[in-house]
K.L.:
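I am attaching a structure below and will ask some questions about it afterwards.
Convention: sequence-line order gives letters A, B, ...; per-chain numbering from 1. Values in this document were obtained by computation on a predicted structure and should not be read as measured data.
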Amino acid sequence: MIVSERKPLAEIRRMIAPYQRLLTLGCGTCATVCGAGGEREVSFLNSALRVAQAKSGNETHTLSEYTVKRQCDLEFLDPLVEKVGDIDAILALSCGIGMQVIAERFPDMPVLPGVNTSFMGAVDEYGVWDERCAACGDCRLEETGGICPITRCTKGILNGPCAGTKDGKCEVSKDMDCGWILIYKRLEGLGQLEKMRRYYPPRNFRTIPRPKRIISQANIDTGEDND
Amino acid sequence: MTNSLFEEKLQSDEFLVTTEIGPPKGTDNSEMVEHIDLLKDKVDAINITDHQSSVMRFPSIGGCLLVKEHGGEPILQITCRDRNRLAIQAELLLAYSRGIGNVLCLTGDSIDVGDHKEAKPVFDLDSVQLLRMIRTMESGTDIGGNELKGAPKFCLGASVHPEADFIEPQLIKFDKKIAAGAQFFQTQSIFDLDSFRRFIQYAAQFDVKILAGIIVLASARMAQFMNNNVPGIMVPQAIIDELSSVEKGKVLQKGIEIAVRLIKTIKEENLCHGIHIMAVGRERIVPDILEAAELVRVSPK
Ligand code: SF4
Ligand code: SF4
């Protein structure tokens, strides 16, 4: 899932200052699961903003709230059409993708990021998420025993551990596992250490086309969308 | 043809001595030049470190040019942390054109251990890929497959950690560095000769030269600090205790004594092809170490 983290309240208050009527908009998918922008967080945030506003005494924002199933998908945004007439800005608690789809769908509506989109990851334990993939576009998990060297090694290197690893941890922190030690152990367990002995050439960092675009393979195969 | 005098020495049976000098943080090179003049005739080659521990400094190539100007034999250190493949290739072209013949190929420490923690970590390549890229350039094309007008040629070195607490993955990387073209290794600092002997037994199957990394510890606190903060250094408790056992003012002397003891054993047992002395900021004491270890050159080259 895409993991985000709520921005500090003070930053959000600075952002919303120019706008009178705000819709705090949650996302029912990743942002809900990672506890940054689901229905509950939308309502918490609005309460916090109201309390802060009452304390400050000189702000008069009107705050409404709504949560769509998925902000990154146009088909779930129709219910917003009737709401945008009564507001001056959307405070979006979705990942940056969701925010941009909202901005494209409502060209006249300012969209403010209420969260920082941080990484793609998985839950470690309740309330803790760990980065697991950087969408490098060339997945090599087959070669590395299902452990991503790009995100789980601080340097994202491909040919084995650096010399800094100690006690199975990364040179930058005693709290972080060294990705390459994990990979070694896993490949050893699988009887596939020869995969680590192979040489892996430099990564392809080509950024063009940017933004990247994927055209459905199924459509290419049937000749649709393939002009 | 390489510009490397060091490469010829690698092929001899001489016990080789290299050392390293850290460039200044700033434009004042006077101390680095003093260190170069002090050491250039006493060792077989001088590494100039490349933003060691990710701390921004005067560049390795700048120091290497000074070593050349002053009549010494430089080893250019290149890490993959700060430059992408274009910048590294360009630097190699410059190095070769200015007579620098040796390159130590390193991945580089994490940005996070240094003094610019918010900088973008590059790591476009790793050490193994860097070695291969240089060998590709030597064959006449850049890493993009484009022809070079004039190809460089280098004597290539790399690093290895013989005392890593989990050695197997390090040995796999060591093998890959050799396959990629490393001719010599300057090891991470060694203390425990038993594990070093085991490593040497393993390394004997390859046609590469090993220079044992010898770090000079100036205090027990420095040793503790390095254990906690400097990647790839593991000072055993026994050495820390030994440093703590002497009175203040004599600790550096003790550190030198420990270094000399290691060097002498390595030389007497003929464990490897030479040593690489890392005095970390105390380059001035390197001649004393060489003297105490009876490694003084009778006639400078
Ligand atoms: S290698 Fe890592 S970053 Fe690349 S796609 Fe696979 S999991 Fe994601
Ligand atoms: S210690 Fe391990 S995870 Fe950290 S940079 Fe080195 S290889 Fe990567």
K.L.:
Would A:Lys185 count as a cation-pi partner of B:Phe166, with NZ or CZ less than 6.0 Å from the six-membered ring centre and within 45° of the ring normal?
P.N.:
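Yes, A:Lys185 lies over the aromatic ring of B:Phe166.
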K.L.:
Step through the shown structure and confirm whether more than 12 heavy atoms of other residues, nucleotides or ligands are within 6.0 Å of CD on A:Glu5.
P.N.:
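Atom CD in A:Glu5 is not packed in, count stays at 12 or less.
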K.L.:
Any idea which heavy atoms bring B:Arg85 and A:Arg203 closest together, and the distance?
P.N.:
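In terms of heavy atoms, the two residues are closest at NH2-O, 2.7 Å.
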K.L.:
Could you walk me through whether A:Glu171 and B:Val230 pass the side-chain contact (heavy atoms from CB on, under 4.5 Å) test, one step at a time?
P.N.:
CA-CA 8 Å; A:Glu171 67 181 25; B:Val230 181; over 6 Å; no
K.L.:
Side chains of B:Asp124 and A:Pro202, heavy atoms from C-beta outward: is any pair under 4.5 Å?
P.N.:
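When only atoms from C-beta onward are counted, A:Pro202 and B:Asp124 do not touch, as no gap falls below 4.5 Å.
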K.L.:
Do B:Gln170 and A:Pro161 have side-chain heavy atoms sitting under 4.5 Å apart?
P.N.:
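A side-chain contact under 4.5 Å exists here.
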K.L.:
Does NZ belonging to A:Lys212 count more than 12 external heavy atoms closer than 6.0 Å?
P.N.:
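Check passes, neighbour count above 12.
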K.L.:
CG of B:Asp175 to CE of A:Met196: how many Å apart, nearest 0.5 Å?
P.N.:
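Spacing of CG (B:Asp175) from CE (A:Met196) equals 10.5 Å.
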K.L.:
Any side-chain heavy atom of A:Lys174 within less than 4.5 Å of one from B:Asn228?
P.N.:
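The answer is yes, as the side chains (C-beta and beyond) meet within the 4.5 Å cut-off.
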K.L.:
Around B:Arg221, counting heavy atoms of other residues, nucleotides and ligands shown, do more than 12 lie under 6.0 Å from its CZ?
P.N.:
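No, because the 6.0 Å sphere around CZ of B:Arg221 holds 12 heavy atoms or fewer from other groups.
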K.L.:
Judged by atom type as modelled, is there a donor-acceptor pair below 3.5 Å linking the side chain of B:Asp126 to the main-chain atoms of A:Ile157?
P.N.:
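Side chain of B:Asp126 to backbone of A:Ile157: no pair is present.
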K.L.:
In terms of heavy-atom pairs under 4.5 Å, which option from B:Glu168, B:Gln188, B:Met133, B:Lys177 contacts chain A the most?
P.N.:
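The candidate making the most pairs under 4.5 Å is B:Glu168.
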K.L.:
Can you tell which of B:His161, B:Lys173, B:Arg81 has the highest number of heavy-atom pairs within less than 4.5 Å of chain A?
P.N.:
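Looking at each of B:His161, B:Lys173, B:Arg81 in turn, B:Lys173 comes out on top.
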K.L.:
Compare all side-chain heavy atoms of B:Ser110 with those of A:Lys155 and state whether any distance is below 4.5 angstrom.
P.N.:
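B:Ser110 reaches A:Lys155 side chain to side chain.
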K.L.:
B:Met234 and A:Lys166: which non-hydrogen atoms are nearest, and at how many Å?
P.N.:
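For B:Met234 versus A:Lys166, the nearest heavy atoms are CE-CG, 3.3 Å.
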K.L.:
Among A:Ile183, A:Thr165, A:Leu158, single out the residue with the greatest number of heavy-atom pairs under 4.5 Å to chain B.
P.N.:
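Among A:Ile183, A:Thr165, A:Leu158, the one with the most close pairs to chain B is A:Leu158.
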K.L.:
Of all of B:Val128, B:Leu125, B:Asp112, which one pairs up most often with chain A through heavy atoms under 4.5 Å apart?
P.N.:
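Answer, by heavy-atom pair count under 4.5 Å with chain A: B:Val128.
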